[in-house]
Amino acid sequence: KSNPDEKEKKRLNEAFDKLFSVKTGYVTLDECIAKTMERKSGLLVVLDHPEVPLHNNPAELAVREYVVKRKIIIPTRSEEGTRSWEIFLSIKDTCRKLGVNFRKYLYDRLSGEYRLPSLAEMIGQRSAVCYP
């Protein structure tokens with residue numbers, strides 16, 4: 001990722017092939033190795049696209065709050081309640097990522113004042129800066 005030249009890319013591809021073509025004689029382990037080899041193009045996508053993150057921590061962190069709350073809070077009583085709870089958590093997480101005060105944003109929307117731009121507008125503005 002830090003040095004995406006062709007020589008290094010070739011070396012890493014060959015090292016991957018060598019590592020994941022090993023046969024151990026243990027069926028389960030050999031199956032896992034074969035599955036990893038099948039996913040090679042996705043695992044090495046960073047060699048062609050260095051901008052791709054090497055991990056999915058942001059995605060995992062985004063659902064962590066939901067999972068923790070699901071474990072410690074009494075479940076909702078209806079599908080509609082579950083959906084509402086998920087929407088509010090999503091709005092809260094989006095506000096956090098954009099640096100927007102969740103309570104102020106929620107008040108702005110529920111009161112009908114609409115002094116703050118919508119989250120979609122803020123995301124669009126941020127995208128325009130990142131990808132002109």
Heavy-atom check, side chain of [X] versus side chain of [Y], under 4.5 Å:
X	Y	answer
Tyr105	Met122	yes
Ile123	Thr94	yes
Ser118	Arg109	yes
Leu89	Glu86	no
Leu12	Leu44	no

Once rounded to the nearest 0.5 Å, what's the spacing between atom [atom1] of [X] and atom [atom2] of [Y]?
X	Y	atom1	atom2	answer
Thr36	Leu19	OG1	CG	9.0 Å
Met37	Leu43	CE	CG	11.0 Å
Phe88	Phe102	CZ	CZ	6.5 Å

Short question: side chain of Asp108, backbone of Glu113 - any donor-acceptor pair under 3.5 Å?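 Judged by distance alone, no pair lies under 3.5 Å.
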Test side-chain contact (heavy atoms from CB on, under 4.5 Å) on Leu119 and Cys95; report intermediate values, then the result. CA-CA 7 Å; Leu119 294 177; Cys95 284; 3.9 Å; yes
side-chain contact (heavy atoms from CB on, under 4.5 Å) between Thr82 and Ser78, intermediate numbers included: CA-CA 6 Å; Thr82 301; Ser78 68; over 6 Å; no
What do the steps show when you test Val22 against Asp30 for side-chain contact (heavy atoms from CB on, under 4.5 Å), and what is the final call? CA-CA 8 Å; Val22 171; Asp30 287 344; over 6 Å; no
Quick one: salt bridge (charged side-chain N to carboxylate O under 4.0 Å, His left out) pairs with a partner in residues 32-50, sequence neighbours left out?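 Of all non-adjacent pairs touching residues 32-50, those that pass salt bridge (charged side-chain N to carboxylate O under 4.0 Å, His left out) are Lys9-Asp48, Asp17-Lys40.
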Short N-O contact, Arg83 and Glu80, less than 4.0 angstrom: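 Not counted as a salt bridge, because no side-chain N and carboxylate O are separated by less than 4.0 Å.
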